[in-house]
Amino acid sequence: MNLAIRDIRHNLGRFLLTCLGLSLLLAIVLSMLGIYRGLVAESLTLARAPAVDLWVVETNTRGPFAEASRLPGDVREAVARVAGVTEAGSLTFQSVETETTAGKLRLYVVGFEPGRPGGPAAIVEGRAIAQSRYEVVIDRSAGVAVGERIRLGRREFRVVGLTARQVSSGGDPVAFITLRDSQKLQFELAPPAARRELARGGSEATSDIVNAVVARVSPDVPVAAVADGVRRWKHLAVLTQEEQETVLSRSVIERARRQIGLFTSLLLIVSTVIIALIVYTLTIDKTREIATLKLIGAPDRVIVGLIMQQALAMGAIGFAFGVAFILAAKDGFPRRVVVESPDVLALGAAVVLVCILASSLGVRLALKVDPATALAG
Amino acid sequence: MANGPAPLISFVDVSKHYGEGETRVDALRGVSFTVAAGEVVGLRGPSGSGKTTVLNIVGCILAPSSGELRLAGEPVFSEGRWRRSDLRGLRLATIGFIFQFHNLLPFLTSTDNVALVLRLAGESAGTAKRRAHELLAYLDVGHRRNAFPAQLSGGEAQRVAIARALANRPRIILADEPTAALDSQRAQVVMDLLRRVAVEQQAAIVVVTHDDKIVNRFDRVLELRDGLLI
């Protein structure tokens with residue numbers, strides 16, 4: 001006869017309500033983990049989109065995501081001629097704020113050379129950029145439709161295609177434009193400023209600057225060997241794709257990782273305290289029943305089982321509700337939430353530990369209950 | 001005292017005090033009595049006279065300060081210490097408790113409340129359920145076997161509690177004010193039941209009571225005052 005299940009069944013409404021409260025707490029814990037995984041995924045999405053093997057950046061930098069990197073535009077030709085490199089493309093990156101009918105929109109603009117590595121990974125609606133000027137492929141999270149026009153800098157661009165889940169590490173939707181457009185956007189002076197520059201005798205500075213050159217390496221050639229070859233040029237630095245991803249996940253979002261980790265730990269501690277208080281209160285409510293059980297000869301294991309099984313049931317049901325809740329709600333978050341099975345399993349294991357730990361307070365109380373309490377009037 | 005074989009409860013020169021020095025309170029002072037099989041003994045006295053202390057000591061939940069306790073012929077307490085380590089096992093096998101407010105587990109049905117004691121004693125689920133049904137029928141509450149305690153009247157709940165106390169066929173039954181929460185008619189029914197159990201199961205029954213309407217239903221009444229039997 002399982003006393004824990006009988007007690008739960010008898011007070012099912014109250015028990016489920018408690019589980020529901022706990023599930024919201026566990027859903028928040030899981031959402032924090034999901035937000036962190038989302039941050040990693042979003043950061044890596046942009047780095048993985050070009051599907052390249054090497055990132056050539058300014059010497060002594062770890063650009064273009066971790067820090068600024070500026071390279072002359074002709075570096076691409078030089079990299080493309082390195083033995084083992086099959087394709088190379090120049091890229092620029094910049095943040096732009098614009099206005100749409102829906103309001104202010106912050107975009108992460110990537111300039112690339114159509115036909116070369118660095119463009120959008122996949123277009124889910126519309127088409128790729130076909131003209132050399134004033135076309136943009138944008139992530140659907142920006143909320144603009146194919147055919148709409150958006151202003152970037154001083155020019156209007158026509159949205160010709162949409163991507164999915166292409167956002168920066170800051171969560172801004174990525175917009176792809178041609179390299180030429182992006183260089184104009186980055187370096188072209190406004191007419192008054194250009195006139196002033198000419199009047200003071202200056203000349204228009206070169207705008208053929210890029211932030212990184214990406215390269216694909218032949219499968220028959222070791223990537224490390226090609227990277228070592230490029231590194232011999234003192235004015236360039238090279239990161240392999242793996243190194244670039246490490247820079248992104250370890251450096252760029254390290255603080256976010258630590259912050260979320262700390263918050264998750266705090267939430268787990270709060271969960272432990274709450275479960276402990278719930279179990280303790282439930283045990284106090286059952287003092288007379290526990291005393292009666294002791295008086296009629298029930299061994300301690302029956303009483304400990306009653307409390308611990310209820311705590312575990314509460315944790316398990318709360319956890320299941322929490323997982324279901326976060327799976328149902330994750331797409332409604334402003335930023336991407338990635339719920340991964342190992343995280344869910346790890347949280348499940350943590351909940352079991354937390355329940356055992358939390359119920360120890362109730363167990364301690366139950367074991368101290370004097371059987372004579374049952375005889376008291 | 002009834003004549004016959006060795007008494008089932010033997011309470012010999014038992015004293016119990018709480019605290020020491022100026023704060024010392026003597027709850028029992030050299031109390032001795034025996035209860036034989038088939039006997040129903042009442043234990044009366046004003047509040048603070050030591051009735052509950054006697055019940056707690058016979059129920060093996062309170063150690064005396066001195067004296068000797070034998071239950072069903074077995075020495076249980078003597079020379080200042082318990083002679084058995086598994087007092088809960090002893091209670092489960094030998095003693096049945098009936099409480100003032102029935103103390104049924106609220107989340108178990110009548111059947112399960114009775115069967116629980118049998119399951120704790122190691123009986124199979126089927127045997128425990130069968131015996132529970134028999135006992136509930138014996139106590140005229142068979143028709144309420146699937147009801148939870150909150151759905152029972154006071155008299156029905158007390159009869160289920162008696163069924164629970166009888167489940168393991170204990171040789172000793174300790175009842176703490178079993179009729180206090182019942183009206184006169186139901187109190188007589190409960191006393192009839194206890195009398196029947198004492199005779200049919202040859203059990204020794206001690207009933208702590210303040211209830212004047214049942215005082216003539218005992219074989220003997222022990223009067224306690226200030227920790228002494230009078």
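So you know, we letter chains A, B, ... as the sequences are listed, proteins then strands, and number each from 1.
The line from CG of B:Leu108 to CG of A:Asp7 is 8.5 Å long, rounded to the nearest 0.5 Å. We find the CG-CD1 distance between B:Leu105 and A:Ile296 to be 6.5 Å, quoted to the nearest 0.5 Å. Separation of atoms CD (A:Glu289) and CG (B:Leu104) is listed at 10.0 Å; rounding is to 0.5 Å.
Atom NZ of B:Lys16 has more than 12 neighbouring heavy atoms from other residues, nucleotides or ligands inside a 6.0 Å radius. Atom CG of B:Asp226 has 12 or fewer neighbouring heavy atoms from other residues, nucleotides or ligands inside a 6.0 Å radius. Within 6.0 Å of the CZ atom in A:Phe263, the count of heavy atoms belonging to other residues, nucleotides or ligands does not exceed 12. Crowding of A:Arg335 atom CZ: a count of heavy atoms from other residues, nucleotides or ligands under 6.0 Å exceeding 12. Heavy atoms from other residues, nucleotides or ligands lying under 6.0 Å from OH of B:Tyr138 number more than 12. Within a 6.0 Å radius of CZ in B:Phe218, other residues, nucleotides and ligands contribute more than 12 heavy atoms. Within a 6.0 Å radius of CZ in A:Arg6, more than 12 heavy atoms belonging to other residues, nucleotides or ligands are found. Heavy atoms of other residues, nucleotides or ligands lying less than 6.0 angstrom from CD of B:Gln151 number more than 12.
The side-chain heavy atoms of A:Thr292 and B:Arg164, taken from C-beta on, include a pair separated by under 4.5 Å. Contact check for A:Leu293 versus B:Leu116: side-chain heavy atoms found under the 4.5 Å cut-off.
Contact between B:Phe107 and A:Lys286 at its shortest, heavy atoms only, is CE2-CD, 4.5 Å. Counting all heavy atoms, side chain and backbone alike, A:Ala372 lies closest to B:Ile61 at CA-CD1, 3.6 Å. Taking every heavy atom of both residues into account, B:Asp112 and A:Met1 meet most closely at O-CE, 3.6 Å. A pairwise comparison of heavy atoms in B:Arg91 and A:Leu295 identifies NE-O, 2.9 Å as the closest pair.
When heavy atoms are compared at a cutoff of 4.5 Å, B:Asn168 does not approach chain A at all. In this structure, the portions of B:Pro106 lying under 4.5 Å from any heavy atom of chain A include both its backbone and its side chain. Heavy atoms of B:Ala115 lying under 4.5 Å from chain A belong to its backbone as well as its side chain. Heavy-atom distances place the side chain of B:Leu120, and not its backbone, under 4.5 Å from chain A.
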